[in-house]
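Given the structure is predicted, the values throughout are model-derived calculations rather than measurements. Residue numbers start from 1 in every chain, and the chains themselves are labelled A, B, ... in the order their sequence lines are given, proteins ahead of strands.
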Amino acid sequence: MSPLLQALLRTLAAVALLLVNGVVLILMLRKVLARLHLRLGPTRVGPWGVLQTVADVFKLLTKEDFRPSGADKWLFRLAPVLVFVPSFMAYLPLALSDTWRFSDLDTGVLFVLAAGSLVPIGILMAGWGSNAKWSLLGGLRAAGQQIAYEIPLMLSVLGPVMFAGSLNVAAIVNAQRGVWLGVIPRWFVLPQLVGFVIFAIAGQAETSQTPFDMSEAESELITGFANEYSGMRFGFMFLAEFSNMFVVSALGVTLFFGGWLVPWADRNPLALALGPAVFMLKTYLGIAVMMWVRGTLPRVRVDQLLAFSWKTLIPVSLAWTVLSALVMRAVNL
Amino acid sequence: MSDIGRIGPSTGVVPTEGAHRIPVLPRGLRRAPSGIDEVATEHLIVNMGPQHPSTHGVLHILLELDGEVVVAAEASLGYLHRGIEKLVEHRRYHQIGTLLDRADYVSGLHSETALAMAVESLAGIEVPEKAQWIRSLVMEVNRITSHMLWLGTFGLDLGAMAPFLYTMREREALLDILEAITGSRMMFNYVRPGGVLADLPAGIGVALDTFLATFDGYMDEYDTLLGGNEIFVERVRGVGVIDATTATAFGMTGACLRAAGVDYDVRKAAPYAAYAHVEFEVPLGTVGDCWDRYAVRMEELRWAGRLIRQLLDGMPEGDHTAKVPKGLRPPAGESYAAVESPRGELGIHLVSDGSDRPYRMRLRSPAYFNLAVIDEALSGGLVADAVATLGSLDIVLGEIDR
Amino acid sequence: MRPDVDATTEILTAAGVPLKEASSDTLGVVCRIEAFRLEAALAALRAVGYQTLVDLFGTDTGEAVELTYHLRRLGDLAEVYLKAIVAYDCEAPSVWRVYPAALYPEREAAELLGVSFAGHPNPKRLLTTEEVEGHLLRKDVLLRTPEEVAL
């Protein structure tokens, strides 16, 4: 197979995964929230409401795609693309198993984070380009928030990276094979518990989920930066949000929960063959927890959010990074 | 960024006079007092509402923002004005209740009772004891439904989705009970001059018992879910402070006034219906911030549950209504009757000219006076605080706009 | 609780507000004064502890607009009603400096009954839009649909 065709097919596979994820996650969000909130969620469209999201996509496709007269034409049009494309790019370095992967990047983890950090630019463009006051507030909030939480997120992944000695996602997963003390799976979440907590908090903020949904903040900014968007332009932003959730959860699984490895059976050929399914299962469990948090907690205030990051999260994650580096040196893990 | 919507003729900035400043927001942008050195910044005027998720209906607030900090706030009312006070002048006394249900559509039984009491005081009607007890009972049930709606939407305002759907569970149960008693879930028209429309149906005690059996447990759950949540506490403590002086000066009543530590509850101050015969406490706050308003209402909810128990246990036998002629013609004169609605003192001021229709009826709406304080309460906070404060005031626009 | 009519009269007279009439009827203690003395009268009552303006509204008597100020002292729950007559389209003093609670009701009375309040800091309409003609709570404004009147 020519390398070009191969690259194309891999990209298409990533797109397919993204779209399927979007459809499944939207239904899942509704069902998870419904379960938390004593209600049913969609039940009418298809068995168990599974076709609801499909119906919604059709609705979005047929909706009028309008642009406010005062909006900045190009920023307004480009913003959804700039929100969507990085969240798609972040899929590329992910590995579902040793063989199931879209690309083999030695800087995989860095690439995911770098792609993620492009999203706020798109949100800021959407907020500014809409020429609406609430949207602008949402865009500015997004910028402030993402910068503040990018740093702890980066620092929190350093622990596993140091343990594995690589930024390649497959190498990090493979470094989590085996057991400690004969029973405990060698998942990095145990020695890096503090790092994981920081990652979880910063990840929730990075994906703009409640309690950190500053840029949307329905009860304050209506829908924030997405106020003036309709139809599929809105659809892309919506999809990007879910795709970001998947990426963050997948990254967390890769870094802290042994990726596609089944504990105590990480050399079993059957378990390895089921790797992609195991990986997806773990990732979806992570997303379910994110949704659980989203359905339960109130929203923090924007100044509290920033203060929490700069005054608590960043110092703690810095200290933790230094501490884990020192300990690693000392005991030579 | 030019259109700022419906705002009256600009009169410029009015200098602060007296204890309270009155903002008059200009059209467009206002140049801010220079912030950082020579950097010129502009204040942003945004329309919050009338279509906004957190304005609880169709309230329209103009916010002058410096970044995200609220500099001034002005409410623009009237989107729900139906001229109820005018319509009432063309209705017979027993026809007014239907209109009042639509004024405060969340707790209609309170306004009905206030009206009935005002008419009774004008016409000199003696209300049977049983009717008084039934009135108290349905009003307390109505208070829980209203406070539950407030609790849920307050959670929503702060971004917590879960409590809203949980409180709907309690609200539904009680609305079903109210439907069994009054025949309607919200537009009751049950309390009439002279008594109430009908006696309590059989089995209502059992239904309320079933509800009360789980109520305290659920209240603990809400206290854990919201009051026990650090994020929630951070969002409401010290936010939207309305102290006792401001609250009394603006004529605030109800939980908003009691949160500031002022002990005024119509049920205690001028006992009506059966409130003289039951025992209850009036919870008070200290500072008057959003937390105090939350805590006072939560405590009121628990007390409403206990009151329902007492009212059920002590329910006397007898008639549910006095004999009142259909074409009631009270003698010329004036009367005022007030009840403690979930939002505060709801008063009906009636002027009769001796005919079968009121000459003038004034609805003293508690939320109307509670809302007037928003500039004082919102200025200096963030947009997020504005939403929290507004939510904690518990406004119902139907009653404000009338 | 009803305060003594005489005591209230004394307070107001001491403040230089002569009463046209003072009575105690089904409503409570009602004092009638001249409209231009409203601010002084309310300030005097506020000084003796009537901190709360419970309500302020106007009534169209058919000849003029009667303004009613409902005051309450929270300590002993004494209540006083002040009434003043203002001719149609004429002016009464705004009392918002004494009672900020009057801000909304004064705007409402102004638009619905057609009186104005001198010194109000924000004399805009409150409940109706600019297009509404007439003053809706005046008796000469009739409801328009026959069904409504026929009830």
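Atom CE of B/Met161 and atom OG1 of A/Thr296 lie 9.5 Å apart (nearest 0.5 Å). To the nearest 0.5 Å, atom OH of residue B/Tyr166 and atom CZ of residue A/Arg39 are 10.0 Å apart.
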Worksheet entry | Pair A/Val302-B/Glu68, side-chain contact (heavy atoms from CB on, under 4.5 Å): steps then yes or no | CA-CA 9 Å; A/Val302 64; B/Glu68 278 217 34; 3.9 Å; yes
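Under a 3.5 Å cut-off, the side chain of B/Arg235 and the backbone N or O of A/Arg299 do form a donor-acceptor pair. Between the side chain of A/Lys133 and the main chain of B/Leu44, no donor-acceptor pair closer than 3.5 Å is present.
The local environment of CZ in A/Arg77 is crowded, with over 12 non-hydrogen atoms from other residues, nucleotides or ligands closer than 6.0 Å.
Across all their heavy atoms, B/Ala384 and A/Arg301 have their closest contact at CB-CG, 3.5 Å. When all heavy atoms of B/Ala162 and A/Gly295 are compared, the pair lying nearest together is CB-O, 3.2 Å. The minimum heavy-atom distance between A/Trp134 and B/Asn47, with the atom names listed, is NE1-O, 3.2 Å. Minimum heavy-atom separation, A/His37 to B/Leu165: ND1-CD1, 3.3 Å. Closest approach of B/Glu234 to A/Gln304, counting heavy atoms only: O-NE2, 3.0 Å.
Neither the backbone nor the side chain of B/Val233 comes within contact range of chain A; no heavy atoms are under 4.5 Å apart. Neither the backbone nor the side chain of A/Leu140 comes within contact range of chain B; no heavy atoms are under 4.5 Å apart. With a threshold of 4.5 angstrom between heavy atoms, B/Leu382 approaches chain A through side-chain atoms but not through N, CA, C or O. Interface residue B/Met48: backbone and side-chain heavy atoms are both found under 4.5 Å from chain A.
Options B/Leu225, B/Leu226, B/Val383, B/Leu158 differ in how many heavy-atom pairs under 4.5 Å they form with chain A, and the most are formed by B/Leu158.
Using a 4.5 Å cut-off on side-chain heavy atoms (C-beta onward), A/Leu297 and B/Ile231 make contact.
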